Amino acid sequence: MNMDSTLKPVLATAAEHAPAVDADGRFPSEAVSALGTSGLMGLPLPEQVGGLGAGPPEFAHVTAELAEVCGSTAMIYLMHICGAMTVLASPPPGLPSLPSEMATGRTLATLAFSEPGSRSHFWAPITQAKHNGGDDVRFTADKSWVTSAGHAGLYVTSVLSADEPGTVDLYAVQAGRPGVSVTGSFRGLGLRGNASSPMCFDVTAPDTTRLGPAGAGFALMTETVMPWFNLGNAAVSLGLARSALKAAVRHTSSARLEHTGQTLAELPTIRARLARTSLQLEAATAYLQQAAASIAAPDEDTPLYVLGVKALANDTALTVTDDAMRVCGGAAFSQHLGIERSFRDARAGHVMAPTADVLYDFYGKAITGQPVFG
Ligand SMILES: Cc1cc2nc3c(=O)[nH]c(=O)nc-3n(C[C@H](O)[C@H](O)[C@H](O)COP(=O)(O)OP(=O)(O)OC[C@H]3O[C@@H](n4cnc5c(N)ncnc54)[C@H](O)[C@@H]3O)c2cc1C
C-alpha cells in the first residue's frame with residue numbers, strides 16, 4: 001500500500017472542511033468518514049484484525065500530515081489509535097469483534113481518563129468500581145474531557161479496581177450501553193471540532209469487558225497509552241507548527257512594502273526569526289522521528305523518548321505558532337492566512353495529560369535516577 005496516495009484524498013477532505021469545523025465548532029464527520037474508508041483507522045493495527053500493520057513512524061507521519069490541514073481531525077484520529085492500541089494490548093474476551101471493528105473504522109475509539117477530582121493526573125482515577133453481586137462491576141464515572149464525546153463507539157474508561165484495592169482497571173465501554181451520556185458541551189479556544197465534552201459513565205460493566213487482569217490498568221496506561229499518545233500528540237503539535245510556519249513563509253515572501261520595494265521576508269529581523277523558528281521545528285521533528293523509531297524497536301532509551309517527545313513538541317509548537325503570528329503582523333489576526341487557527345489549536349497540546357510541565361518533571365526524575373511516578 002502506498003500510504004501517501006491513501007492519505008491524499010483524506011487530507012483534501014479534511015482541508016476542505018477545516019475552516020467550517022473550526023468556525024462552527026462542529027465534529028469533522030467528513031474527514032473522519034474519509035479516514036474510515038481509507039483504511040488508515042487501522043494503520044498500526046495488525047493485518048490479522050484488518051489493520052495495515054504499520055508502526056509508530058508511519059503513525060506519526062500520518063498524524064502530523066492530518067494536523068497540518070485540520071487539528072481537530074488529527075486529535076480525533078490520535079485518540080482512536082490510542083484507544084484501539086490499548087484494546088489490542090489486552091483484548092477484552094467479551095468483545096471479540098472489537099479489534100476488527102476499530103481497524104476497519106466501523107467503531108471510533110477514544111479514551112475517557114481525565115476526571116474532575118484528579119484533573120490532569122490521568123493515572124489516578126477517583127471513581128471506584130464496585131462488584132454488583134456477580135462478575136459485573138458498577139461505577140459512576142464523571143469524566144471531564146472526552147474527545148469524540150457522543151461520536152465514538154468505544155470509550156476506554158479508567159476506574160479504581162473493584163478487585164485489587166488502590167489499583168486501576170480499564171473497561172471497554174460501548175456507546176450503546178445504558179448509562180453512557182454526554183453531560184456538557186465543548187467550546188474550546190482551539191481544536192474546536194474535537195467534541196471534547198464531559199461525559200458520565202453510570203454503567204454496569206461485565207468483567208469480560210475489562211482490559212487485562214484486575215489491576216492491569218496502570219501498566220496499560222504507562223506502557224501502551226503513553227507511548228502512542230505522547231508520540232501522536234507530539235506529531236499533532238509539530239503538524240500544526242509546520243502549517244503555521246509554511247503560511248508565514250508564504251505571506252512574508254509575498255507581502256510587500258511598496259514604498260521600499262521590499263517584501264516582509266527581506267527585513268533582516270523577520271528572516272532571522274523565520275530561520276530560528278524553522279530550525280527549532282526541524283530539530284523537534286528530528287527528535288520526533290528518533291522517538292518513533294525508538295518506540296518501534298524499544299531499548300533502554302525508549303522511556304526517555306516517550307517522556308521527552310510530547311513536551312518538546314508541545315513547547316516547540318507554542319514558539320513556532322507564536323513566531324508565525326508575530327512575523328505576519330496584523331495580517332495573522334485575519335483568518336485568511338490560517339495561522340491563527342494553528343496558533344489556537346497548538347495551545348491544547350501542552351495542557352493535555354500528561355501535561356508538558358508534568359513531563360518535564362518526570363523526565364527530570366528519570367535522568368536523575370528518581371522514581372518517575374514516586
Ligand atoms: C482539547 C482537549 C481534549 C482532551 N481530550 C481528552 C480525552 O479525550 N480524554 C481524556 O481523558 N482527557 C482529555 N483531555 C483532558 C486533558 O488530558 C487534561 O486532563 C486536562 O487538559 C487537564 O486540565 P486541568 O484544568 O484539569 O489541568 P490541571 O491538572 O489543573 O493543571 C493545571 C496546571 O498545573 C500543572 N501541573 C499539574 N500537576 C503537575 C505536576 N505534578 N507537576 C508540574 N505541573 C503540574 C499542569 O501542567 C498545568 O499547567 C483533553 C483536554 C483538552 C484541552
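First listed ligand is number 1; within each ligand, the first listed atom is number 1. Since the structure is predicted, the reported quantities are computational estimates derived from the model, not experimental observations.
Here the CG atom belonging to Leu240 is positioned 12.5 Å from the CG atom belonging to Leu245, to the nearest 0.5 angstrom. For the atom pair Glu68 CD and Leu238 CG, the distance stands at 10.5 Å (nearest 0.5 Å).
Of all atoms in ligand 1, numbered sequentially from 1 with element shown, those under 4.0 Å from a heavy atom of Ala353 are 16 (C), 17 (O), 18 (C), 19 (O). Atom numbering of ligand 1 starts at 1 in the shown order; those under 4.0 Å from a heavy atom of Met79 are 7 (C), 8 (O). Residue-ligand proximity, Arg119 to ligand 1, at heavy-atom distances under 4.0 Å covers atoms 19 (O), 24 (P), 25 (O), 26 (O), 28 (P), 29 (O), 30 (O). Per-residue contacts place Leu111 under 4.0 angstrom from the following atoms of ligand 1 (heavy atoms of the residue considered): 7 (C), 8 (O), 9 (N), 10 (C), 11 (O). Near Val358, meaning under 4.0 Å from one of its heavy atoms, ligand 1 places the atoms 38 (N), 39 (C), 40 (C), 41 (N), 42 (N), 45 (C).
Counting heavy atoms under 4.0 Å from ligand 1, residue Lys143 does not touch it at all. Neither the backbone nor the side chain of His350 comes within 4.0 Å of ligand 1, counting heavy atoms alone. Proximity of Ser120 to ligand 1, defined as any heavy-atom pair under 4.0 Å, is shared by backbone and side chain alike. Contacts between Val146 and ligand 1, counted as non-hydrogen atom pairs separated by less than 4.0 Å, involve the backbone only.
Using a 4.0 Å threshold on non-hydrogen atoms, atom 16 (C) of ligand 1 counts as touching the protein. Atom 32 (C) of ligand 1 is not flagged as protein-proximal [any protein heavy atom, distance under 4.0 Å]. Using a 4.0 Å threshold on non-hydrogen atoms, atom 3 (C) of ligand 1 counts as touching the protein. Distance screen at 4.0 Å: atom 35 (C) of ligand 1 has no protein heavy-atom neighbour inside the cut-off.
Salt-bridge formation is detected for the pair Arg344/Asp22: a Lys NZ or Arg NE/NH1/NH2 atom is positioned less than 4.0 Å from an Asp or Glu carboxylate oxygen. Here Glu115 pairs with Lys143 in a salt bridge; the nearest charged N to carboxylate O distance falls below 4.0 Å. The existence of a salt bridge linking Lys8 and Glu65 is excluded, since no basic side-chain nitrogen approaches an acidic carboxylate oxygen closer than 4.0 Å. Using a 4.0 Å cut-off between charged side-chain N and carboxylate O, Asp163 and Arg210 make a salt bridge. Salt bridge status for Arg138 with Asp202: present, with a side-chain N to carboxylate O gap under 4.0 Å.
Annotation: atom 41 (N) of ligand 1 to nearest protein heavy atom, His121 NE2, 3.7 Å. Nearest protein neighbour of atom 44 (N) of ligand 1, counting heavy atoms only, is Asp357 CB, 3.9 Å. Protein heavy atom closest to atom 10 (C) of ligand 1, with residue, atom name and distance, is Trp145 O, 3.1 Å. The shortest contact between atom 18 (C) of ligand 1 and any protein heavy atom is with Val351 O, 3.6 Å. If you check which protein heavy atom lies closest to atom 1 (C) of ligand 1, you get Asn194 ND2, 3.8 Å. With hydrogens left out, the protein atom closest to atom 19 (O) of ligand 1 is Ser114 OG, 2.8 Å, a heavy atom. Residue, atom and distance of the protein heavy atom nearest to atom 8 (O) of ligand 1 are Thr147 N, 2.8 Å.
Of the polar atoms of Thr355, at least one N or O is found under 3.5 Å from an N or O of ligand 1, judged by distance alone.
A distance-only check finds no donor-acceptor pair linking the side chain of Thr252 to the backbone of Ala265 [under 3.5 Å].
Ring pair Trp123/Phe218: centre-to-centre distance not below 6.0 Å.
Residues passing the side-chain contact (heavy atoms from CB on, under 4.5 Å) test with Val180 are Tyr155, Val173, Arg177, Met199, Phe201, Val203, sequence neighbours excluded.
One side chain, Asn314 or Ser237, offers a donor N or O that lies under 3.5 Å from an acceptor on the other.
Linking ILVMFWY residues whenever their side-chain heavy atoms come closer than 4.5 Å, directly or via other members, places Leu43 and Leu88 in the same cluster.
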